[in-house]
Amino acid sequence: MPERILSLPGSTDRFVLTGRPVLTLADRYRPLPDGMTLGQATVVPAHQVATGDVVVAFFTDGPGTRHAEHVEQAFTARPRPFGACPAQCEECEDVNARGTTADRYLCLDDADDIEDCVIVYRNTPVAIVPAAAAASLPPLDSAPLLPDLFALDDDGASGPYEALPVPRTFGPCDAISVTRATAEQITADLATSPTGRHLTCEWLHDTLLISSDPRLRTEPGRPGRLIRPDADGRYRIGGLWPWRDWSPEDDSTH
């Protein structure tokens, strides 16, 4: 999409809306659903965002020419006054910690299992696809979910391993859900990684056996961890080493 110059009533700033970035390992932008385009977007101050509007971007600071900062995942707005957080998320705690008056902020969407609340200043310019237009388009959840990216806890020498998105409460020793191909790559990398120095991996038909050095087992005689595919053919691997988030900087260091 060629860039569009949007204006906001009462403001002399120019709001430059560029095409949505393509998905890469470095840029994790979930595509919009089929039929929804940025050509349908307009800009409004945050306090004018209505329930059902689809938020697609914010903008760099002004005054003057302000460029779009696309949200990684467009979301349907459910605005409410800033106040008691339904999930005690980190974003709300950070805003409260600043000690500023709550009436300067509002929440555009409540926290869920994956994301924190979206808290912005009331006058923040927001690029939206209006609810009336969005209602006639496929829902946002019809676009494919972006996988989370993980590495073994070895300074990024392995990965990235694609997994289903994990909740905000995910801990590094919790299980991630991966395909058979990704599980095979993990087991291959363990053989040469410091993380796997006391582990051995073996495939028993469609079941993965990960066992530790017998001398280190707390329960002698147990075969190890048997990981079977679930109903979707995915493997939940966790509790054997700490996962770490993979980032593009990992590639640049090897």
Side-chain angles (χ1 to χ4, degrees), residues 21 23-31 71-73 75 87-94 111-117 141 143-219 222-254:
L23 173 63
T24 66
L25 287 176
D27 296 318
R28 311 294 294 163
Y29 292 94
R30 185 180 182 183
V71 297
E72 291 188 348
Q73 300 199 55
F75 62 91
Q88 297 182 326
C89 72
E90 291 185 6
E91 182 66 16
C92 287
E93 290 180 359
D94 288 346
D112 58 21
D113 287 345
I114 304 296
E115 302 291 342
D116 287 340
C117 290
D141 60 9
L145 279 173
L146 296 186
D148 284 340
L149 302 178
F150 292 93
L152 300 175
D153 193 19
D154 58 1
D155 298 327
S158 62
Y161 308 121
E162 292 190 347
L164 292 182
V166 298
R168 291 185 300 111
T169 55
F170 177 83
C173 289
D174 292 343
I176 63 173
S177 175
V178 300
T179 63
R180 168 71 184 255
T182 300
E184 290 177 348
Q185 185 60 55
I186 292 169
T187 61
D189 291 346
L190 278 170
T192 58
S193 165
T195 299
R197 62 186 176 275
H198 298 305
L199 300 172
T200 58
C201 301
E202 181 181 0
W203 285 95
L204 309 172
H205 301 293
D206 64 349
T207 297
L208 172 60
L209 169 63
I210 302 180
S211 52
S212 62
D213 186 321
R215 294 167 296 180
L216 303 178
R217 292 181 191 164
T218 57
E219 299 180 61
R222 289 181 61 85
R225 184 73 59 85
L226 289 168
I227 303 171
R228 298 180 174 86
D230 62 18
D232 296 318
R234 303 185 69 89
Y235 293 79
R236 291 183 54 78
I237 303 176
L240 297 163
W241 55 80
W243 293 108
R244 64 183 296 273
D245 293 332
W246 184 91
S247 69
E249 287 75 19
D250 291 336
D251 266 359
S252 64
T253 59
H254 298 94

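The first residue in the sequence is number 1, and the count goes up from there.
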Please check if the side chain of [X] supplies one atom and the backbone of [Y] the other of a donor-acceptor pair under 3.5 Å.
X	Y	value
Arg236	Arg228	no
Ser158	Ala151	no
Arg244	Pro172	no
Trp243	Gly171	no

Grab the two heavy atoms, one from [X] and one from [Y], that are nearest each other, plus how far apart they are.
X	Y	value
Pro165	Leu146	CG-O, 3.4 Å
Cys117	Glu91	O-CG, 3.5 Å
Pro242	Cys173	CA-SG, 4.1 Å
Ala143	Pro31	CB-O, 3.3 Å
Leu164	Asp148	O-OD2, 4.1 Å
Pro229	Asp206	CD-O, 3.2 Å

Measuring only between side-chain heavy atoms, which start at C-beta, is [X] closer than 4.5 Å to [Y]?
X	Y	value
Thr195	Leu190	yes
Glu72	Pro21	no
Leu152	Trp241	yes
Tyr29	Thr24	no
Arg225	Leu240	yes

List for me each residue that meets salt bridge (Lys or Arg N to Asp or Glu O under 4.0 Å) alongside Asp116, sequence neighbours excluded, and say none if there are none.
->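 Arg168.
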Over 12 foreign heavy atoms within 6.0 Å of CD, Glu90 | no
Where do Phe150 and Trp246 land on the side chain to side chain contact (heavy atoms under 4.5 Å, CB included) test, with the steps shown first?
-> CA-CA 5 Å; Phe150 292 93; Trp246 184 91; 5.6 Å; no
Kindly indicate, with the supporting measurements, whether the criterion side chain to side chain contact (heavy atoms under 4.5 Å, CB included) is fulfilled by Phe170 and Asp113.
-> CA-CA 10 Å; Phe170 177 83; Asp113 287 345; over 6 Å; no
Going by the side chain to side chain donor-acceptor pair (under 3.5 Å) test, which pairs reach into residues 177-187, not counting sequence neighbours?
->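 Every side chain to side chain donor-acceptor pair (under 3.5 Å) pair that includes a residue of residues 177-187, provided the two are not neighbours, is Ser177-Arg234, Thr179-Thr182, Arg180-Glu184, Gln185-Asp189.
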Please walk me through it: do Gln73 and Val71 pass side chain to side chain contact (heavy atoms under 4.5 Å, CB included)?
-> CA-CA 5 Å; Gln73 300 199 55; Val71 297; 5.9 Å; no
Where do Ile210 and Leu208 land on the side chain to side chain contact (heavy atoms under 4.5 Å, CB included) test, with the steps shown first?
-> CA-CA 6 Å; Ile210 302 180; Leu208 172 60; 3.9 Å; yes
Non-neighbouring partners of Tyr235 that pass ring pair (Phe, Tyr, Trp, His ring centres under 6.0 Å), sequence neighbours left out = Trp203
